[in-house]
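One structure is given below, encoded as structure tokens.
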Amino acid sequence: LSWKQLRFLSDASFEIGSHTVHHPDLTRIPLSLVEKELSDSKKMLEDQLSRKVRFISFPFGRYNTQVLSMAQKCGYERGVGFWTHSDDEKALVFERKAVYLFDGLWNIKAKLTRTFWTEWEDVKLRVINFFSHGTALVKSFMDQTW
């Protein structure tokens, strides 16, 4: 989305959250870079939208206790990830569902209900998320070579 489109949505009372600057897997980079990704993204959005950014959607849906602590330190109220791991995390992290280009209405319905097919969608998410580690590695390699 362009800044103009984001401002339009923000002005229409949509909540605009952060997704970091460079979309790294925050669980696999040094904490100093986690802080920079979180704070720079938040500041950029707040400067452009003139509105407080309260939420972070963790890239690849991944986070750990250090990432959660850093997000709070940077001023985020809550995060969004694919899974919560404990009751303590449920107070800070909303679970989100991934929707992919190849998902149809049937897949989306299965993700939002609790049936046998919901379990299949969860398995699909775990497989895709597992292989996204390769995306992060390739991106890291490409960033270093360019």
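A quick note: this is a predicted structure, and the numbers were derived from the prediction, not measured.
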CD (Glu35) and CG (Asp40) are apart, to the nearest 0.5 Å, by 9.5 Å
Nearest heavy-atom contact between Arg51 and Ser13 is NH1-CA, 4.1 Å
Tell me, yes or no, whether the heavy-atom count around Leu105 atom CG, taken from other residues, nucleotides or ligands under 6.0 Å, exceeds 12.
-> no
Test ring-ring contact (aromatic ring centres under 6.0 Å, His included) applied to Phe60 and His23, step by step = CA-CA 8 Å; Phe60 307 101; His23 199 260; 4.8 Å; yes
Roughly how far apart are Ser57 OG and Tyr76 OH, rounded to 0.5 Å?
-> 10.5 Å
Begin with the C-alpha distance, continue with both residues' side-chain angles, and end with the deciding distance and a verdict on salt bridge (Lys or Arg N to Asp or Glu O under 4.0 Å) for Arg7 and Asp11.
-> CA-CA 6 Å; Arg7 278 188 216 95; Asp11 291 345; over 6 Å; no
Closest approach of Ser18 to Ser41 (non-hydrogen atoms, all atoms of both residues) = OG-OG, 2.6 Å
Passes side chain to side chain contact (heavy atoms under 4.5 Å, CB included), Ile108 versus Leu112? Steps please.
-> CA-CA 6 Å; Ile108 294 169; Leu112 297 175; 4.0 Å; yes
Approximate separation, where rounding is to 0.5 Å, of Leu38 CG and Leu26 CG | 5.5 Å
Should Val21 and Val80 be regarded as members of a common hydrophobic cluster, given that ILVMFWY residues are connected when their side-chain heavy atoms come within less than 4.5 Å of each other, either directly or indirectly?
-> no
Same hydrophobic cluster for Phe116 and Trp106, using side-chain heavy-atom links shorter than 4.5 Å among ILVMFWY?
-> yes
CG of Leu31 to CG of Asn64, rounded to nearest 0.5 Å, is 8.5 Å
How are the rings of Phe55 and Phe94 set to each other: parallel, tilted or perpendicular (split at 30° and 60°)?
-> tilted
Result for side-chain hydrogen bond (donor to acceptor under 3.5 Å, both in side chains) between Glu46 and one of Gln48, Lys43, Lys42 points to Lys42
Do NZ/NE/NH1/NH2 and the carboxylate oxygens of Glu15 and Lys52 come within less than 4.0 Å?
-> no
Carefully, step by step, assess Leu45 and Trp3 under the rule side chain to side chain contact (heavy atoms under 4.5 Å, CB included).
-> CA-CA 9 Å; Leu45 285 166; Trp3 286 116; 3.7 Å; yes
Quick one: are Gln72 and Leu92 in side-chain contact, heavy atoms under 4.5 Å?
-> yes
Any donor-acceptor pair under 3.5 Å linking the side chain of Glu37 with the backbone of His22?
-> yes
Say whether, by atom type as modelled, one donor and one acceptor occur between the side chain of Arg54 and the main chain of Arg78 under 3.5 angstrom.
-> no
Under 3.5 Å: donor-acceptor pair, side chain of Ser10, backbone of Leu6 = no
Please assess Leu9 against Ile16 for the test side chain to side chain contact (heavy atoms under 4.5 Å, CB included), listing each intermediate value before the final yes or no.
-> CA-CA 8 Å; Leu9 291 171; Ile16 307 297; 4.1 Å; yes
Looking only at heavy atoms, the pair that brings Val93 and Gly81 closest together is CG1-N, 3.6 Å
Would you kindly confirm whether Phe102 and Phe82 end up in one hydrophobic cluster when ILVMFWY residues are joined by side chain heavy atoms under 4.5 Å apart?
-> yes
Contact check, side chains of Met70 and Cys74, non-hydrogen atoms, under 4.5 Å | yes
Reported CZ-to-OG1 distance for the pair Phe58 and Thr27, which is rounded to 0.5 angstrom = 11.0 Å
Look at atom CH2 of Trp117 and say whether more than 12 heavy atoms of other residues, nucleotides or ligands are closer to it than 6.0 Å.
-> no
What is the distance from atom CE of Met44 to atom OG1 of Thr20, rounded to the nearest 0.5 Å?
-> 10.0 Å
